[in-house]
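Structure first, commentary second.
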There are 2 protein chains.
Amino acid sequence: MTVTIYDVAREAGVSMATVSRVVNNNPNVKPQTRKKVYEAIERLGYRPNAVARGLASKKTTTVGVVIPDIANANFAEVARGIEDIANMYHYNIILCNADKRKEKEIRVINTLLEKQVDGLLFMGGVVTDEHIQAFNTSNVPIVLCATTDEKGTMPSVDIDHETAAYDAVRKLIGEGHTRIAMISGTLQDPANGYARYQGYKRALEESGIALDESLVRVGNYRYESGIEAVQYFLELGERPTAVFAATDEMAIGAIHGIQDAGLSVPEDFSVIGVDNIRMASMVRPLLTTVAQPMYDIGAVSMRLLTKLMKKENVEQARVTLHHELIVRNSVAPRG
Amino acid sequence: MTVTIYDVAREAGVSMATVSRVVNNNPNVKPQTRKKVYEAIERLGYRPNAVARGLASKKTTTVGVVIPDIANANFAEVARGIEDIANMYHYNIILCNADKRKEKEIRVINTLLEKQVDGLLFMGGVVTDEHIQAFNTSNVPIVLCATTDEKGTMPSVDIDHETAAYDAVRKLIGEGHTRIAMISGTLQDPANGYARYQGYKRALEESGIALDESLVRVGNYRYESGIEAVQYFLELGERPTAVFAATDEMAIGAIHGIQDAGLSVPEDFSVIGVDNIRMASMVRPLLTTVAQPMYDIGAVSMRLLTKLMKKENVEQARVTLHHELIVRNSVAPRG
DNA sequence: CTGTTAGCGCCTTCAT
DNA sequence: ATGAAGGCGCTAACAG
């Protein structure tokens with residue numbers, strides 16, 4: 001049924017070892033022999049069995065990527081960065097989704113490890129002690145991609161979320177706003193949640209603006225929660241004039257919530273987000289936001305992983321990439 | 001270094017076979033023995049090696065999913081359907097992206113086959129003869145998911161794109177529109193391209209509306225091409241009053257292009273799309289569109305694949321799921 | 001209910 | 001430059 005290396009060897013009149021060599025591009029094969037083997041492979045339609053190869057060589061040349069949330073808009077771009085570098089180093093990558101459920105994330109990590117991947121990328125979710133515990137059972141390197149662990153013990157590639165938020169709010173303050181609301185993520189989320197909230201607080205503090213807790217709403221990162229938050233803000237006695245959303249998707253919800261109430265962005269209300277998802281350019285007005293270098297986050301984390309897999313020594317295992325304010329049309333000076 | 005089934009056997013004072021049995025939930029093990037083995041596993045931190053297991057059993061309990069375009073908005077929802085069913089049948093799924101490049105799609109298919117997946121899902125891309133040829137070298141079942149091959153030789157799960165387009169255009173006609181433009185996909189794409197164009201033509205024909213080729217623009221499925229198309233329409237002497245876009249993303253581009261020109265949707269211009277991507281509800285006005293049952297497409301195709309993998313006999317290997325018109329706010333009667 | 005024994009398809013020394 | 005042979009870690013009959 002299935003044709004094996006042995007069949008090819010017989011067909012070509014050589015030994016299995018030789019076939020193995022040509023399949024693996026080992027230079028120690030006479031060109032003529034190589035040709036014979038290739039012909040036999042062609043004739044028989046031989047396809048190497050990666051499972052057997054993995055068992056024998058103890059390497060699978062594949063890295064597993066766990067995606068806590070496949071619907072996350074950042075994901076595709078990060079994945080592209082990962083893949084480009086992976087291809088460059090001849091690794092296959094396999095993606096596994098975990099639906100944002102911690103239990104499933106752990107399960108997926110274990111599945112990938114059982115499959116003997118040569119390395120693991122954990123992308124953009126919250127990293128708990130349970131995760132760390134699962135990571136610790138691994139004897140292949142793991143790097144966090146677009147996230148970090150609080151303790152800072154794992155290799156990781158991410159931006160400085162606190163400063164990103166800080167810069168966004170500074171932009172609003174720079175335009176003269178003082179009543180600045182925030183639509184936050186859950187504060188249990190260190191990166192997209194807590195850190196961004198801290199950045200908001202710091203920017204206000206530095207400008208001598210008192211923090212007004214009634215101006216902070218916790219959302220769930222989704223569009224709808226942006227709408228809800230803004231509806232709440234609009235009913236406040238003393239309305240804010242600007243809102244900082246911890247993610248673009250919530251920022252876009254905010255824009256629409258404001259527009260649905262008959263107000264205009266940015267004339268009546270300025271809105272700024274973080275992430276620079278593709279949709280930020282697919283909304284009216286175009287969203288002003290702080291861009292994360294998604295592609296680079298993916299590329300750099302994969303590059304870091306290749307080094308770790310090759311046991312090259314890396315100077316800096318926690319890298320922080322730069323974010324950038326993207327000025328578009330959703331922020332205006334206070335009227 | 002790595003602990004194997006053999007180590008566990010020694011530690012528990014049983015044979016490898018017994019350890020294998022408990023790991024695989026074979027009922028033929030005395031509870032007491034089972035307990036001993038579990039304890040040994042715990043003590044040693046044993047993790048089964050899926051590669052070795054795959055080689056020995058000739059099954060990997062994993063199915064590969066090739067994703068021609070990871071940025072495609074439908075993808076996440078389809079993937080969710082696939083996964084839910086896969087979990088139900090205890091299959092792991094591994095995703096492989098191919099960046100919409102045919103050459104890479106073929107490569108990914110081969111990689112997955114080399115990895116000895118038990119089945120393959122090819123999701124939503126154009127299926128060429130080269131694809132078919134690659135599929136034919138497989139000795140595991142393959143099903144097309146959210147796409148079909150022209151010849152109709154492969155198992156597949158999809159909607160009827162021609163009728164979906166037809167229904168969308170009928171809706172426009174029902175509202176009194178007669179000058180109806182279309183933003184099409186590339187006509188080489190049988191499903192999202194050609195079939196939807198055919199549906200457009202049929203709807204016009206049936207209503208006695210002459211096809212005006214100047215009202216058809218070919219886009220590339222992306223937002224920007226929706227904007228461009230509509231800019232072109234707006235410069236026409238006799239403007240259309242409604243536009244049918246072959247995909248929601250182009251439809252949303254159309255909405256914004258119209259708005260950017262100072263006109264209103266749907267007052268000045270009706271817009272309808274196909275797909276019902278999540279963003280269709282994240283735009284103003286909300287997009288009227290024809291919904292594809294993405295989750296179901298994923299779920300049904302995975303279910304079909306499980307049957308094929310178990311060699312159960314399936315009555316109908318090409319299934320067509322129903323689409324549905326979702327009336328929202330982007331279509332109005334002709335003014 | 002448990003142990004023994006062959007492989008699964010390939011890589012990898014070690015000879016030659 | 002090539003071949004022979006011993007595993008890699010596990011499953012699957014087959015015996016008992």
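In the text below, chain A, chain B and the rest are named by the order of the sequence lines, each starting its count at 1. What you are looking at is a predicted structure, and each value in this text was computed from that prediction instead of being measured.
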Option from A/I109, A/V63, A/V108 for which side-chain contact (heavy atoms from CB on, under 4.5 Å) with A/L120 holds = A/I109
request  = Salt-bridge test for B/D149 and B/R318: reply yes if a basic N is under 4.0 Å from a carboxylate O, no otherwise.
outcome  = yes
ask   = Between B/R10 (CZ) and C/dT2 (C1'), how many Å, whole number?
value = 19 Å
ask   = What is the ring orientation for A/F75 with B/F75, classed by angle as parallel under 30°, tilted 30 to 60°, or perpendicular over 60°?
value = parallel
query = Are A/K100 and A/D69 ion-paired here, with the side-chain N under 4.0 Å from a carboxylate O?
reply = yes
Comparing B/K58 and B/T18 on DNA chain C - which has the more 5′ nearest nucleotide = B/T18
Phosphate-side-chain proximity, B/T4 and D/dC8, N/O vs OP1/OP2 below 4.0 Å = no
query = Which residues, if any, of residues 31-55 of chain B bring a heavy atom under 4.0 Å of DNA chain C?
reply = B/T33, B/L55
ask   = Salt bridge between A/E83 and B/K104, side-chain N to carboxylate O under 4.0 Å?
value = yes
inquiry  = Expected output is a numbered-order residue list: members of residues 19-30 of chain B with a heavy atom under 4.0 Å from any atom of DNA chain C. What is it?
reply    = B/R21, B/N28, B/V29, B/K30
Nearest-angstrom distance from the residue atom CD1 of B/I5 to C1' of C/dT5 = 14 Å
inquiry  = Quiz question: by atom type and distance under 3.5 Å, do the side chains of B/D189 and B/Y221 form a donor-acceptor pair?
reply    = yes
Lys/Arg-Asp/Glu bridge criterion (N-O < 4.0 Å) met for B/R80, B/E77 = yes
message = Let me spell it out: for each of B/V14 and A/K59, pick the nucleotide of DNA chain C with the closest heavy atom. Which residue's pick is nearer the 5' end?
response = B/V14
Criterion side chain to side chain donor-acceptor pair (under 3.5 Å) on A/R47 and B/N110, from CA distance to verdict = CA-CA 9 Å; A/R47 185 198 319 270; B/N110 282 317; 2.8 Å; yes
